[in-house]
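Here is how names work: the chains are called A, B, and so on, in the same order as the sequence lines, proteins then strands, and each is numbered from 1. We use all heavy atoms of the structure for the numbers below, so side chains are in, but hydrogens, waters and symmetry mates are not.
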Protein chains: 2
Amino acid sequence: MAAVQLSGGIVIIEIEGRDEKLSLEEAAFLLEKGKLKIKGLSIGDFFSRAISTHPAFIVRYIVYRDLKERGYAVRAGRAGFWLYPRGARQGEKPARYIVRILREKDLISIADLDRLLSSARNMRKELILAIVDEESDVTYYEIRAAKLEGTLKEEKEGEEGKEEAALTCTVSLADDRVLIHDEASAERLHRDFYGKLIGEGNKQLILSLIETAYLMRENNRMVVHTPTGDMNYEQFLDYATDKERDFKDKLVVYTDLRAKGLVLKTGFKFGSHFRVYTALQQKHSSYLVHVVHPEHIFAMNELARAVRLAQGVRKRMIFAYVDEDGVKYIDIGRRRL
Amino acid sequence: MAAVQLSGGIVIIEIEGRDEKLSLEEAAFLLEKGKLKIKGLSIGDFFSRAISTHPAFIVRYIVYRDLKERGYAVRAGRAGFWLYPRGARQGEKPARYIVRILREKDLISIADLDRLLSSARNMRKELILAIVDEESDVTYYEIRAAKLEGTLKEEKEGEEGKEEAALTCTVSLADDRVLIHDEASAERLHRDFYGKLIGEGNKQLILSLIETAYLMRENNRMVVHTPTGDMNYEQFLDYATDKERDFKDKLVVYTDLRAKGLVLKTGFKFGSHFRVYTALQQKHSSYLVHVVHPEHIFAMNELARAVRLAQGVRKRMIFAYVDEDGVKYIDIGRRRL
C-alpha cells in the first residue's frame, strides 16, 4: 500500500497496483483494527489529515465504529449511513435503515424531523437518529409516523341509545376551569371520563377548559355562565386562548384523538400534555402526547428526556403539531441496535 | 347560621349571634363535609358566589381540600397556604411549610423560583409547590437549595505526588471535540475520567470542548492544534462559544462542581447536561445537573418531566444558573405529603 489520497470524504489507496476506494470511516476502522496499514502514515497522522479536511469526520466515525462493533454492515453516505439488516452483508439485501447523525448540542425543528421521516419513508427505509453525546457515546432513536387508534367509539356504540355527553347544563367559569353544580350532569360526565368530582353529599364536577370546549362543540346545549353573562363557543375559545397561548392547537389535537376513539387525560405527571388510553377500561395509558408549536425546535436533550421518561413508564412518546394539513404525530423511541 | 358575607376571601358567618371568620376554603370544606350549613345557600350557590368574587378560589380550594384530606392542618394565606407538621394542630407548633399554588399551564422564571425559595428560607419554612393539573389533581414538589459536595479532591490528594492532568500534549481540534493522538497522554487523562478512548493498538482519546477548556485552564501546557495554527485559551473559548451558545455557562458550572470535588460526565441519556458523581469509584451518579439561562422560564410540564425522570433513576434533579453572584443550584424533587 503505497499512495494514499484523501479527498471528498473518499480514501484512495493503491493496493498491488490497483486503486481501491474506501470511505474515510472504512479506512479509519480498518486502520484501527490493524487490518490496513498505510506506509509512512500512522493512525494518528491519518486521523489528523481526515479531521483537517473533514472536521465532521470524527463524529461520523464515532457512529460508524459503534455500528460496526454492534455487528452491522454499514455504508457511508453523504448525509448519514445506510444500515443493513443484522447479519446481512452489504449488497446481499437492501439497506433497511437510514441513520442520521446529530450531536448532543444540535437543534432540530419538528418540521425538519418530519421531513427526514418523509424522505426515509419515500426511500422505504426506517429512520434512525444517532445522537453522539459529549462523552462520544452514541444513543439511537427511531422516528416513526404514529398510528393512533382507539376503541372508544365502538365501546360507546355498544351502549344502546346512550349518546355521549348529550346533555343540557349550565357551568360556572372559574378562572382556568369550569364547575358543574348540577349533580346528575356531573355524575353523567364523570362516568364518561371527564373532569374531577368533588363533594360528598352534593357532587360537583370540575372540568378543564379543553374538556369544556370539546363538550361545547359536541353538544351546543352546554351553556357557560359567567358573572358578566353567558358565553358562546367562539367567546369561550377566545377566553381560553387568552389563558393559554397554545390552547387552540391542544384542542385540535384533543378533538382529533377523541375522533380516533382514544381517551385523553392530562399527562402532566409525565411532563406531557396528554396521556392517552386506547380503551375506556384500560388501566395504564399507552401514549404520552405532547403538543408543540409547528415551528418548535428541539434540543437533543429535550428529546432524550421525554423519550427516556416515556420508556420508563412503558408508554410511547408522541410529539404532535398542527399545520395547514391537520395534525401530525411523530413517534420517537429509544432504539437498541 | 343566618347571615353570610363573602368579601376579601373571608367568609363571615353569624353563628348564635356571634360573627365567625372563616377563609373561603375553610367554609367550602366544611360545607362539602356537611359540617356547616348556611340557611338559604346551597353548596352550589356558595361555590358560584365564591368563584364570581374570587376566580382563583377553585384552584386554591383544590389544593386546600387535598391537603386537608391528607390530614394536615392548613392555614390559608394570601399567596398560598401554611402547612403544619403532620398531626399537629394549628397554633400548637409553628407552620413548617409554605405551599405555593401553580397550575399546569403556568410559567415561572428560575429567578422567581429562587426568590420564592429565599423568601421561604427567610421565614424558616420549607418551600413546596403545589401544581394543580388539568384534571384538578395536585402534585407537590419540594424546592431546596442544593448542597453539592464530592470527595474527588481528597481522593486525588491521597495519591502521592500525582497531580491531576499536569501534562503537556498537543490535541487536534475536530469540529465539536478534540482528539489526543499521544497514547501516554490519552491513557493518563482517561484514568482521570476524561474523554473516550478509541483504538486498539494505538490508543487515542476524544475529549469534549468542555473537558478541553477545563484542562487548558488547569494546565496551560495543553496546546490545541488546528489546521490554521495553534489556539490559546481565549481563542478556544471563543471557538467553543460559537459552536454552542451556552458554552460559557456550562463551563462555569463544570468548573465550580469540579472544585467542589465532584466528577462530571454528560447527562445526555437522562436529558440533562451533566450527571454528577460524588466520588471517583461511585457506580451510579447522584445528581442530574441541567444548566439554564438566568432568564429561563420554566413550563410546569418541563419541571414535571425532569423531576420524574430523575426520580425514576434515583438521582436528584438540580437546575443551575449563572448570574453575577456566581452559580446557583436549585434542587427540585417530588414531595409525597
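Proximity to chain A is limited to the side chain of Arg65(B), based on heavy atoms less than 4.5 angstrom apart. Within the 4.5 angstrom heavy-atom criterion, only side-chain atoms of Thr139(B), from C-beta onward, approach chain A. Only the side chain of Glu69(B) has a heavy atom closer than 4.5 Å to any heavy atom of chain A. Heavy atoms of Leu173(B) lying under 4.5 Å from chain A belong exclusively to its backbone. In this structure, the portion of His290(B) lying under 4.5 Å from any heavy atom of chain A is its side chain and not its backbone. Both the backbone and the side chain of Ala306(B) come within contact range of chain A, judged by heavy atoms closer than 4.5 Å.
Contact count versus chain A (heavy atoms, under 4.5 Å) is highest, among Ile51(B), Asp176(B), Ile206(B), Leu309(B), for Asp176(B). With chain B as the partner, the residue from Asn202(A), Leu179(A), Leu209(A) showing the most heavy-atom pairs under 4.5 Å is Leu179(A). Interface remark: of the candidates Glu302(A), His181(A), Lys265(A), Lys33(A), His181(A) forms the most heavy-atom pairs closer than 4.5 Å to chain B. Comparing Ser172(A), Ser272(A), Ala50(A), Ala299(A) by heavy-atom pairs within less than 4.5 Å of chain B, the highest count is held by Ser272(A). Most heavy-atom pairs under 4.5 Å with chain B, from the set Ala304(A), Gly195(A), Ser136(A): that is Ser136(A). Between chain B and the options Gly34(A), Ala28(A), Ala174(A), heavy-atom pairs under 4.5 Å are most frequent for Ala174(A). Ranked by heavy-atom pairs under 4.5 Å with chain B, the first of Lys243(A), Arg177(A), Arg334(A) is Arg177(A). Between chain A and the residues Gly312(B), Ser48(B), Ser52(B), the largest count of heavy-atom pairs under 4.5 Å involves Ser48(B).
Residues Asp45(B) and Ser42(B) bring a donor and an acceptor atom of their side chains to less than 3.5 Å of each other.
Counting only heavy atoms from C-beta outward, the side chains of Phe47(A) and Gln204(B) approach each other to under 4.5 Å. Val224(B) places a side-chain heavy atom less than 4.5 Å from the side chain of Thr212(B). Between Ile198(B) and Lys203(B), every side-chain heavy-atom pair lies at or beyond the 4.5 Å cut-off. With contacts defined as side-chain heavy-atom distances shorter than 4.5 Å, the pair Leu303(B)/Ile332(B) qualifies. Annotation: side chain of Phe247(A) is not in contact with side chain of Lys105(B) (no heavy-atom distance under 4.5 Å).
When His54(A), Glu32(A), Glu25(A) are each tested for a side chain to side chain donor-acceptor pair (under 3.5 Å) with Tyr61(A), only one passes: Glu32(A).
Ion pair Arg275(A)/Glu135(B) flagged as a salt bridge, since at least one NZ, NE, NH1 or NH2 atom sits closer than 4.0 Å to an Asp/Glu carboxylate oxygen.
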Just do the side-chain contact (heavy atoms from CB on, under 4.5 Å) check on Val307(A) and Tyr141(A) with the steps written out, would you?
-> CA-CA 9 Å; Val307(A) 170; Tyr141(A) 295 91; 3.9 Å; yes
